[in-house]
Engineer: 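Attaching a single structure in structure tokens format; questions to follow.
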Amino acid sequence: MEESRLRKLQRLKEEGKAYPYKFEVSHQIGDIRSKYEKPTDKRQVKVKAVVKRVSKIEEGFLLRIASPQGIEMLAITKEEIQAGKEYLLMGSLGRYESKLCIFDAKPLEEGEGLSIESLKEEYDLDPQYEEISLAGRLITLRSMGKALFGHIQDATGKIQIYLREDLLGKDVFEEFQDLVDTGDIIGVKGKLFRTKTGELTVEVQAYSLLAKSLHPMPEKWHGIKDVEVRYRQRYLDLIANEQARKIFILRSKVIQEIRNFLNREGFLEVETPILQPIASGANAKPFITYHNYLEQNLYLRIAPELYLKRLIVGGFNRVYEIGKNFRNEGVDTTHNPEFTMLEFYASYWDYEDLMNFTERLLSHVLISTVGNLKINYQGKYIDFTPPYKRYRYFELLEKKTGKDKDFFLRDVEGLRKLAKELNIPKADTLTHAKLIDKVFDVLVEDELLGPCFVLDFPKLLSPLAKSHRKDQDLVERFELFIAGKEIANAYTELNDPEEQRERFLQQLEEKEMGDEEAMQMDEDFIIALQYGMPPTGGEGIGIDRLVMILADVDSIREVILFPALRRI
RNA sequence: GAGCCGGUAGCUCAGCUCGGUAGAGCAACGGACUUUUAAUCCGUGGGUCGAGGGUUCAAAUCCCUCCCGGCUCACCA
């Protein structure tokens with residue numbers, strides 16, 4: 001903690017102003033911005049202006065450009081441009097940190113350009129001294145003697161504030177200078193205007209210090225880069241890094257739009273147990289806990305699947321659940337021990353219906369969040385326009401190895417030899433099912449770039465999926481791959497209780513042969529099936545990974561607010 | 001679990017190769033400045049160099065052990 005700030009807090013406490021209870025806010029900052037700043041729709045423009053200042057940013061060079069009258073806007077160029085000279089710049093109009101900005105600006109040799117004034121008039125409206133009251137964290141402060149500028153920020157944006165001694169009175173103005181630091185949360189009341197450079201600004205008539213920050217803020221230019229601090233003290237990341245704020249707002253929108261879509265399609269949102277007496281429904285190691293009153297072990301769910309299917313038996317024809325699953329396994333860029341899944345089930349559907357539905361669902365989510373079906377992910381172009389490519393599991397393997405389905409399903413020793421040639425670790429001891437899975441992993445997965453469905457998996461790998469109607473070696477199951485990552489897993493559900501029992505028994509054999517993740521038997525679920533489950537299609541979508549793709553980040557920790565870290 | 005990389009001021013980083021009084025910018029503190037915006041100008045203070053041990057006259061720097069994180073692999077949907 002910082003000495004000088006503690007002293008200021010002490011003074012505030014003595015005056016009874018330290019931690020007020022409430023402040024009336026008339027708007028969120030973003031509301032004000034969208035009210036007076038029109039969308040630019042990427043309009044192509046040519047603008048003639050003097051370049052006043054050039055700074056290096058990640059995207060290239062940020063230019064502050066001004067008209068002869070001193071009205072300013074921004075431009076971003078790839079090539080560095082000399083400050084102090086007049087240029088005619090061409091590019092697409094947008095907003096950078098809510099200021100008008102010419103993106104991809106290129107200097108032209110000659111021609112006529114628009115004036116900054118005319119653009120400002122069109123897109124940045126005059127707020128005409130509207131009276132407002134805003135609150136937020138003070139993130140910058142520039143003292144000019146008898147006047148003072150700063151920016152306050154909330155989750156929706158930031159806005160400039162302007163304090164003048166002659167408006168506030170000497171006492172109030174000096175008190176502000178004495179007691180307020182960057183990082184503090186303040187409320188301001190005043191009138192909206194534009195400064196002579198054209199920036200939307202609150203002329204402050206009264207202020208309140210709402211909470212003091214006893215620690216100095218991270219540096220304003222670089223933000224917080226240390227990933228360990230960003231994950232452990234996520235609030236600092238959210239204060240300092242706009243990119244982080246954007247990702248979590250996007251995540252929230254994605255989940256909301258998934259709900260909107262499913263609700264509209266007649267699905268019922270439900271909640272099923274997270275504490276389960278048997279952890280089943282997926283192949284994974286569970287977390288174990290103990291319930292004192294029931295005097296028994298419980299498991300944190302590895303999947304909600306078997307409960308959701310019980311609801312199908314109960315007659316809820318379309319159900320979904322969005323929630324955490326827990327798997328006691330490794331942590332890396334695509335795995336967190338607790339992660340968010342969407343699972344949904346629809347009676348009378350099969351996996352063909354699910355594929356079509358998945359395409360519609362993702363189209364809706366993309367259009368309503370990022371606004372486009374074509375995106376860039378880590379430098380790769382990905383087009384979500386349906387229909388997605390569909391590949392058969394064994395066709396992909398045959399293309400890679402020249403060996404057909406019979407080889408993989410009947411010639412275990414031959415397969416083991418192939419696995420060794422591929423340098424798959426522990427190839428000597430892996431079970432048949434694991435061998436197939438690994439070989440597919442190594443040979444095929446990374447190359448599945450575009451959104452594509454891999455379908456018709458071997459039955460060995462899919463104890464809850466219904467046998468394929470044309471081939472008893474296979475099941476009617478698909479996985480959706482995007483950018484080499486598995487995003488969704490779905491199948492026509494197995495609804496024959498006898499066959500389900502056999503599949504569970506087979507899993508127990510796998511477990512005895514050393515597969516720790518093989519599925520547990522759930523007798524109660526089989527009883528449910530005995531009452532009759534209609535033909536049903538069911539699917540799980542990994543929300544974290546989907547958000548990774550849409551946010552264009554390469555680590556799952558970037559889309560989980562508080563990722564799992566070792567305690568220090 | 002293995003390999004590689006990193007941890008230095010509140011933040012972003014330099015210094016480590018080749019041991020010799022721990023640096024810059026921002027932030028802070030004092031001062032000037034009533035339209036600034038990475039404000040500017042003058043001045044000041046600020047460090048368990050991740051922790052512990054070793055080598056040495058002397059260690060941020062060389063060696064060892066450990067902690068935390070990142071990436072790759074292994075494991076895993």
Side-chain angles (χ1 to χ4, degrees), chain A residues 1-5 7-8 52-57 62 64 70-72 74 97 99 139-151 158-168 173 181-183 193-201 203 213-233 236 239-241 282-285 302-303 325 327-337 339 341 423-426 430 434 437-438 441 445 461 479-481 485-489 515-517 540-542 544-545 554-557 563 565-568:
Chain A
M1 279 187 290
E2 208 173 68
E3 279 286 319
S4 63
R5 290 173 186 243
R7 280 198 305 272
K8 292 173 191 178
K52 301 199 75 167
R53 186 180 196 136
V54 183
S55 5
K56 180 88 190 78
I57 55 169
L62 179 67
R64 178 175 291 277
I71 305 290
E72 296 189 351
L74 303 174
E97 294 187 338
K99 288 172 192 163
I139 49 167
T140 57
L141 195 57
R142 297 175 288 282
S143 165
M144 307 281 301
K146 295 195 171 57
L148 197 148
F149 287 91
H151 277 89
K158 58 183 171 187
I159 194 162
Q160 182 164 259
I161 59 172
Y162 176 47
L163 291 86
R164 267 167 46 182
E165 190 186 275
D166 56 3
L167 248 167
L168 287 164
F173 187 80
D181 294 298
T182 55
F193 75 111
R194 285 190 183 277
T195 62
K196 72 175 187 193
T197 59
E199 175 153 359
L200 191 61
T201 302
E203 187 180 70
S213 168
L214 296 175
H215 296 279
M217 283 296 103
E219 206 235 15
K220 61 191 166 202
W221 189 242
H222 298 94
I224 291 211
K225 292 214 167 140
D226 184 335
V227 288
E228 194 170 345
V229 175
R230 290 186 46 231
Y231 299 156
R232 285 191 199 278
Q233 294 176 275
L236 288 179
I239 292 167
N241 299 326
N283 302 88
K285 276 179 255 176
I302 54 176
N325 289 349
R327 300 188 184 177
N328 204 341
E329 286 155 1
V331 177
D332 63 30
T333 47
T334 50
H335 297 86
N336 196 62
F339 61 100
M341 281 272 281
N423 289 321
I424 290 173
K426 300 187 208 150
L430 287 177
K434 284 265 171 195
D437 201 24
K438 285 285 142 204
D441 227 46
E445 270 193 16
L461 294 176
E479 289 189 348
L480 170 66
F481 284 88
K485 298 184 211 304
E486 182 206 332
I487 301 296
N489 181 19
D515 181 357
E516 278 187 271
E517 284 88 31
I541 296 182
D544 311 280
R545 290 183 184 179
D554 57 5
S555 168
I556 200 167
R557 295 179 204 99
L565 292 179
R566 207 181 293 274
R567 202 178 82 188
I568 331 180

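Chain letters run A, B, ... following the sequence lines, proteins first and then strands; every chain starts at 1.
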Engineer: Counting just side-chain N and O atoms, does A:K426 come under 4.0 Å of either OP1 or OP2 of B:rC75?
Structural biologist: no

Engineer: Nearest-Å distance, CD (A:E165) to P (B:rU34)?
Structural biologist: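 Interatomic distance, CD of A:E165 to P of B:rU34: 9 Å.
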
Engineer: Between B:rA24 and B:rG47, how far is it from one C1' atom to the other, in whole Å?
Structural biologist: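 My reading of the C1' atoms in B:rA24 and B:rG47 gives 15 Å.
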
Engineer: With a 4.0 Å limit, can you tell me whether A:R557 has a side-chain N or O closer than that to the phosphate oxygens OP1/OP2 of B:rG70?
Structural biologist: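 Yes, because at least one side-chain N or O of A:R557 sits under 4.0 Å from OP1 or OP2 of B:rG70.
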
Engineer: Would you mind reading off the distance between A:K285 atom NZ and B:rC75 atom C1', rounded to a whole angstrom?
Structural biologist: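 My rounded result for the distance is 7 Å.
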
Engineer: So what does A:D332 touch, heavy atoms closer than 4.0 Å: a base, only the sugar-phosphate, or nothing?
Structural biologist: base

Engineer: Compare the minimum distances between each of B:rG70, B:rU34, B:rC29 and the side chain of A:L565, then state the nucleotide with the smallest one.
Structural biologist: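 For the A:L565 side chain, the nearest candidate turns out to be B:rG70.
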
Engineer: How long is the span from the CG atom in A:D544 to the CZ atom in A:R557, to the nearest 0.5 Å?
Structural biologist: 12.5 Å

Engineer: From the list B:rG70, B:rC29, B:rA39, which nucleotide is the closest neighbour of the side chain of A:V227?
Structural biologist: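 Of the candidates, B:rG70 comes closest.
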
Engineer: Could you check which of B:rA38, B:rG69, B:rU35 has an atom nearest any side-chain atom of A:Y162?
Structural biologist: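 Of B:rA38, B:rG69, B:rU35, B:rU35 is nearest to the side chain of A:Y162.
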
Engineer: With sequence neighbours excluded, what pairs up with A:T334 under the side-chain contact (heavy atoms from CB on, under 4.5 Å) test?
Structural biologist: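 In terms of side-chain contact (heavy atoms from CB on, under 4.5 Å), with neighbours along the sequence ignored, A:T334 is linked to A:D332, A:K485, A:R545, A:M548.
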
Engineer: Provide the Watson-Crick or G-U wobble partner of B:rA2, both distances under 3.5 Å; none if there is no partner.
Structural biologist: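 Because both required distances fall under 3.5 Å, B:rA2 counts as paired with B:rU72.
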
Engineer: Using a heavy-atom cut-off of 4.0 Å across all strands, would you classify A:E517 as base, sugar-phosphate, or nothing?
Structural biologist: sugar-phosphate

Engineer: State which residues pass side-chain contact (heavy atoms from CB on, under 4.5 Å) with A:S4; sequence neighbours excluded, sorted by chain then number.
Structural biologist: A:E2, A:R7

Engineer: At 4.0 Å (heavy atoms only), tell me whether A:A240 reaches a base, stays on the sugar-phosphate, or touches nothing.
Structural biologist: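 No contact at all - A:A240 keeps every heavy atom at 4.0 Å or more from the nucleic acid.
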
Engineer: Can you check the distance between B:rG69 and B:rA59, where both ends of the measurement are the C1' atom (answer in whole Å)?
Structural biologist: 25 Å

Engineer: Tell me the partner of B:rC62, counting only Watson-Crick (N1-N3 plus N6-O4 or O6-N4) or G-U wobble (N1-O2 and O6-N3) with both under 3.5 Å; none if nothing fits.
Structural biologist: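 Base-paired to B:rG54.
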
Engineer: Does B:rG69 have its OP1 or OP2 closer than 4.0 Å to a side-chain nitrogen or oxygen of A:R232?
Structural biologist: yes

Engineer: Report yes if a side-chain nitrogen or oxygen of A:R566 is closer than 4.0 Å to either non-bridging phosphate oxygen (OP1 or OP2) of B:rC68; otherwise report no.
Structural biologist: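 Checking B:rC68 against A:R566, a side-chain N or O does come within under 4.0 Å of OP1 or OP2.
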
Engineer: Over how many whole Å does the gap from A:E3 atom CD to B:rG30 atom P extend?
Structural biologist: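 The answer, rounded to whole Å, is 13 Å.
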
Engineer: 5'-most contact on RNA chain B: A:F339 or A:A147, nearest heavy atom basis?
Structural biologist: A:A147

Engineer: Please give, in whole Å, the distance from B:rC75 C1' to A:D515 CG?
Structural biologist: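 So the CG-C1' distance, A:D515 to B:rC75, works out to 12 Å.
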
Engineer: Base, sugar-phosphate, or nothing: which does A:F481 touch, judged by heavy atoms less than 4.0 Å apart?
Structural biologist: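 Result for A:F481 = nothing.
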
Engineer: Which pair of non-hydrogen atoms, one from A:G183 and one from A:M217, has the smallest distance, and what is that distance?
Structural biologist: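 Closest pair (atom of A:G183, atom of A:M217, distance): CA-CG, 3.4 Å.
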
Engineer: Give A:L148 one of three labels, base, sugar-phosphate or nothing, depending on what nucleic acid heavy atoms sit under 4.0 Å from its own.
Structural biologist: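 A:L148: no heavy atom of the nucleic acid under 4.0 Å.
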
Engineer: Do any side-chain nitrogens or oxygens of A:K8 fall under 4.0 Å of OP1 or OP2 in B:rC29?
Structural biologist: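 Looking at the OP1 and OP2 atoms of B:rC29, one of them is under 4.0 Å from a side-chain N or O of A:K8.
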
Engineer: OP1, OP2 of B:rU36 versus side-chain N and O of A:K196: anything below 4.0 Å?
Structural biologist: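 Checking A:K196 against B:rU36: at least one side-chain N or O falls below 4.0 Å of OP1 or OP2.
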
Engineer: Within the structure, does a side-chain N or O atom of A:R142 lie under 4.0 Å from either OP1 or OP2 of B:rU36?
Structural biologist: no

Engineer: Starting from C1' on B:rA39, measure out to NZ on A:K52 and report it in whole angstrom.
Structural biologist: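 For the pair A:K52 NZ and B:rA39 C1', the rounded distance is 12 Å.
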
Engineer: Rounded to whole Å, how long is the line connecting atom CE of A:M1 with atom P of B:rA28?
Structural biologist: 18 Å

Engineer: Check every atom of B:rG69, B:rA27, B:rU34 against the side chain of A:K220 and return the nucleotide holding the closest atom.
Structural biologist: B:rA27

Engineer: Which nucleotide in the list B:rC71, B:rA39, B:rU34 gets nearest to the side chain of A:T140?
Structural biologist: B:rA39

Engineer: Rounding to an integer number of Å, can you tell me how far A:R7 CZ sits from B:rA28 C1'?
Structural biologist: 11 Å

Engineer: With both distances under 3.5 Å as the test, what is the Watson-Crick or G-U wobble partner of B:rU34?
Structural biologist: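 B:rU34 is paired with nothing.
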
Engineer: Find the partner of B:rA28: check Watson-Crick (N1-N3 plus N6-O4 or O6-N4) and G-U wobble (N1-O2, O6-N3) distances, both under 3.5 Å, and reply none if neither fits.
Structural biologist: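 Base partner found: B:rU44.
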
Engineer: Heavy atoms only, 4.0 Å cut-off, all strands: where does A:T195 land among base, sugar-phosphate and nothing?
Structural biologist: base

Engineer: Write down the distance separating the P atoms in B:rC57 and B:rG52, rounded off to the nearest Å.
Structural biologist: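 Here B:rC57 and B:rG52 have their P atoms 23 Å from each other.
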
Engineer: Residues in ring-ring contact (aromatic ring centres under 6.0 Å, His included) with A:F173, at least two apart?
Structural biologist: none

Engineer: Taking only the C1' atom of each, what is the distance from B:rU21 to B:rC66 in whole angstrom?
Structural biologist: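 Looking at atom C1' only, B:rU21 and B:rC66 are 30 Å apart.
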
Engineer: Would you measure the distance from the P atom in B:rC4 across to the matching atom in B:rC64 and give it in whole Å?
Structural biologist: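 To the nearest whole Å, 12 Å.
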
Engineer: Does a distance-only test, which skips hydrogens and angles, find a donor-acceptor pair under 3.5 Å between the side chain of A:E199 and the base of B:rU36?
Structural biologist: no

Engineer: Could you list the residues that satisfy side-chain contact (heavy atoms from CB on, under 4.5 Å) with A:R53, not counting sequence neighbours?
Structural biologist: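 side-chain contact (heavy atoms from CB on, under 4.5 Å) list for A:R53, sorted by chain: A:R64.
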
Engineer: Checking all strands, does A:E445 fall into the base, sugar-phosphate, or nothing category for heavy-atom contacts under 4.0 angstrom?
Structural biologist: base

Engineer: For A:L141 and B:rC26, give me the distance from atom CG to atom P, rounded to whole Å.
Structural biologist: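 From A:L141 CG to B:rC26 P: 16 Å.
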
Engineer: Do side-chain atoms of A:T140 reach the backbone of A:H151 as a donor and acceptor pair under 3.5 angstrom?
Structural biologist: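 Such a contact is found between A:T140 side chain and A:H151 backbone.
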
Engineer: What distance, rounded to whole Å, do you find between the two P atoms, one in B:rC16 and one in B:rC63?
Structural biologist: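 Per the computed distance, 15 Å lies between those P atoms.
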
Engineer: Which value, in whole Å, describes the distance between the P atoms of nucleotides B:rC13 and B:rU56?
Structural biologist: 37 Å

Engineer: At what distance, to the nearest 0.5 angstrom, does CG of A:N241 lie from CZ of A:R230?
Structural biologist: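 Rounded to the nearest 0.5 Å, the CG-CZ separation comes out at 6.0 Å.
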
Engineer: With rounding to the nearest 0.5 Å, note down the distance linking CG in A:N336 to CG in A:L565.
Structural biologist: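 A:N336 CG to A:L565 CG: 8.5 Å, rounded to 0.5 Å.
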
Engineer: Quick one: does A:T334 reach the base of B:rC76 with a side-chain donor-acceptor pair under 3.5 Å?
Structural biologist: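 A donor-acceptor contact between them is absent.
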
Engineer: Can you find a side chain N or O atom of A:K434 that sits less than 4.0 Å from OP1 or OP2 on B:rC76?
Structural biologist: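 For B:rC76, OP1 or OP2 has a side-chain N or O of A:K434 closer than 4.0 Å.
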
Engineer: Using atom P in both nucleotides, what's the gap between B:rA2 and B:rA38 to the nearest angstrom?
Structural biologist: 49 Å

Engineer: Looking only at heavy atoms, what is the nearest atom pair of A:D166 and A:R164, with distance?
Structural biologist: OD1-NE, 3.0 Å

Engineer: Looking across every strand, which nucleic acid part, if any, lies under 4.0 Å from A:H335 by heavy atom: base, sugar-phosphate, or nothing?
Structural biologist: base

Engineer: Across nucleotides 8-13 of chain B, 5' to 3', mark each nucleotide with B, S or - according to how protein heavy atoms within less than 4.0 Å reach it.
Structural biologist: --SBSS

Engineer: Taking the minimum atom-to-atom distance to the side chain of A:S143, which one of B:rC29, B:rC33, B:rU34 wins?
Structural biologist: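 My answer, after comparing the listed nucleotides, is B:rC33.
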
Engineer: Please work out whether the ring planes of A:F193 and A:Y162 are parallel, tilted or perpendicular, with thresholds of 30° and 60°.
Structural biologist: tilted

Engineer: Using the side-chain contact (heavy atoms from CB on, under 4.5 Å) criterion, which residues pair with A:E97? Sequence neighbours excluded.
Structural biologist: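 Applying side-chain contact (heavy atoms from CB on, under 4.5 Å) to A:E97 gives A:K158, A:E242.
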
